[in-house]
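Below: the structure, in structure tokens.
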Amino acid sequence: GKRQLGWKWKTDVYLLGGTCFPFPAFLVSACVPFRPLKPHRPQAASSKMTISIIIPIYNVEQYIEECLFSVASQLNPGAHVECILVDDCSPDRSMDIVNEFVANYHGNVLFRVLRHEVNRGVSAARNTGIKAATGEYVLFVDADDYLFEHCLAEMLKGLGLCPEADVVQMNSLWLGGAPYSKRNGSVVLSSKADRLRALVSYAVHVNPWNRLVKRTLLLRHGLFFAEG
């Protein structure tokens with residue numbers, strides 16, 4: 001179902017560091033050595049930081065325009081933003097909509113369009129995006145979802161609490177308004193026990209979207225989505 005990501009932007013941020021758990025279940029897992037983190041005073045996000053948003057495109061002509069508008073409409077993100085759109089040989093009008101939007105867009109987000117030669121599935125599309133990304137952090141967004149206007153700004157504000165964090169997670173809503181994830185206040189999960197407890201209690205959902213993930217973490221440990 002359609003989701004709103006980055007809900008309740010004034011609060012509700014998770015930060016995880018030194019990740020050492022199957023990271024989320026949709027990814028091929030690898031164990032990353034534990035690296036304890038300490039929370040810091042909030043810091044301003046670096047203006048040079050780049051976030052790579054990765055959106056697979058396949059049969060989403062009903063939703064993709066609203067999704068793209070939500071990316072383009074982020075308020076004061078505090079970072080350079082690139083949005084990588086991966087065409088997985090969509091048979092509908094999705095790419096016509098994408099191409100028209102990108103051709104007429106004039107703003108600060110760098111939109112990049114990549115295309116698979118054959119249909120390979122959403123996991124392969126996300127992997128293509130990871131390999132093409134240049135950002136320090138990646139954010140996976142499904143094409144039938146959209147971001148709240150302050151989503152990126154608040155994620156970076158959360159990152160300022162713990163600049164070494166590998167993952168920053170926000171809350172989300174289903175389209176009907178029911179919370180998919182709901183936390184009040186920022187939480188720093190810096191120990192292995194805290195992270196495992198958060199996983200088994202579903203405080204940290206095992207889905208790829210709605211979180212910033214450090215790109216070097218994925219590349220260094222071969223954390224890619226299982227294809228096929």
Are any side-chain N or O atoms of S70 and backbone N or O atoms of C67, one a donor and one an acceptor, separated by less than 3.5 Å? yes
Nearest-0.5 Å distance, CD1 of residue I54 to OG1 of residue T128: 9.5 Å
Within-4.5 Å side-chain heavy-atom neighbours: L152 and I53: yes
Check the surroundings of atom CG in N108: do more than 12 heavy atoms from other residues, nucleotides or ligands lie under 6.0 Å from it? no
Any residue meeting side chain to side chain donor-acceptor pair (under 3.5 Å) with D88, in chain and number order, not counting sequence neighbours: H116, N119
According to a 4.5 Å side-chain heavy-atom criterion applied to Ile, Leu, Val, Met, Phe, Trp and Tyr, with indirect links allowed, do I130 and Y58 form part of one hydrophobic cluster? no
So does E65 have more than 12 non-hydrogen atoms from other groups sitting under 6.0 Å from CD? no
Between the CG atom in N76 and the NZ atom in K157, the distance rounded to the nearest 0.5 Å is 10.5 Å
Nearest heavy-atom neighbours spanning V141 and P56: O-CD, 3.6 Å
Less than 4.5 Å apart, side chain to side chain, heavy atoms only: is that true for H221 and L217? yes
Looking at every heavy atom in both I84 and L114, which two are closest together, and how far apart are they? CG2-CD1, 3.7 Å
Applying the 4.5 Å side-chain criterion to the ILVMFWY set and letting contacts propagate, would L85 and V60 be lumped into a single cluster? yes
Closest contact, heavy atoms only, A143 versus Y63: O-CB, 3.5 Å
Calculate, to the nearest 0.5 Å, the distance between atoms CZ and CG belonging to F148 and L75 respectively. 12.5 Å
Please check if the side chain of E61 supplies one atom and the backbone of R93 the other of a donor-acceptor pair under 3.5 Å. yes
Is there side-chain contact between K214 and V167, with at least one heavy-atom pair below 4.5 Å? no
Side chains of N127 and E227 only: does a donor on one sit below 3.5 Å from an acceptor on the other? yes
Using modelled atom types and a 3.5 Å cut-off, is there a donor and acceptor pairing between side-chain atoms of R120 and backbone atoms of G228? no
CE of M155 to NE2 of H150: how many Å apart, nearest 0.5 Å? 14.5 Å
pair Q62-D144: side-chain heavy atoms closer than 4.5 Å: no
Ignoring hydrogens and geometry beyond distance, is a side-chain donor-acceptor pair present between E82 and S52 at under 3.5 Å? yes
To the nearest 0.5 Å, what is the distance between CD1 (I55) and CG (D87)? 13.0 Å
F69 with V109, same ILVMFWY side-chain cluster at under 4.5 Å: yes
Kindly determine whether V213 and D166 satisfy side-chain contact (heavy atoms from CB on, under 4.5 Å), including the steps that lead there. CA-CA 6 Å; V213 183; D166 296 316; over 6 Å; no
Non-hydrogen atoms of I64 and S94 that approach each other most closely: CG2-O, 4.2 Å
Between E117 and C89, is a side-chain contact (heavy atoms from CB on, under 4.5 Å) present by the stated rule, with each step listed? CA-CA 7 Å; E117 293 300 320; C89 297; 5.9 Å; no
Does any N or O in the side chain of S73 come within less than 3.5 Å of the main-chain N or O of E149, such that one atom is a donor and the other an acceptor? no
Could you tell me which residues satisfy ring pair (Phe, Tyr, Trp, His ring centres under 6.0 Å) with F111, sequence neighbours excluded, listed by chain and number? F101, Y105
Is there a side-chain contact between M49 and L156, using heavy atoms and a 4.5 Å cut-off? yes
According to a 4.5 Å side-chain heavy-atom criterion applied to Ile, Leu, Val, Met, Phe, Trp and Tyr, with indirect links allowed, do V138 and V122 form part of one hydrophobic cluster? no
Is any side-chain heavy atom of M95 closer than 4.5 Å to one of I57? yes
Do V71 and L147 touch side chain to side chain, with heavy atoms closer than 4.5 Å? yes
Quick test of your reading of the model: are R126 and D142 salt-bridged, counting only N-O distances below 4.0 Å? yes
Smallest heavy-atom separation, P163 atom then Y137 atom, equals O-OH, 3.9 Å
Does any part of the side chain of V102, heavy atoms only, come nearer than 4.5 Å to the side chain of R112, both counted from C-beta? no
Cluster check L110, V81: I/L/V/M/F/W/Y, side chain < 4.5 angstrom: no
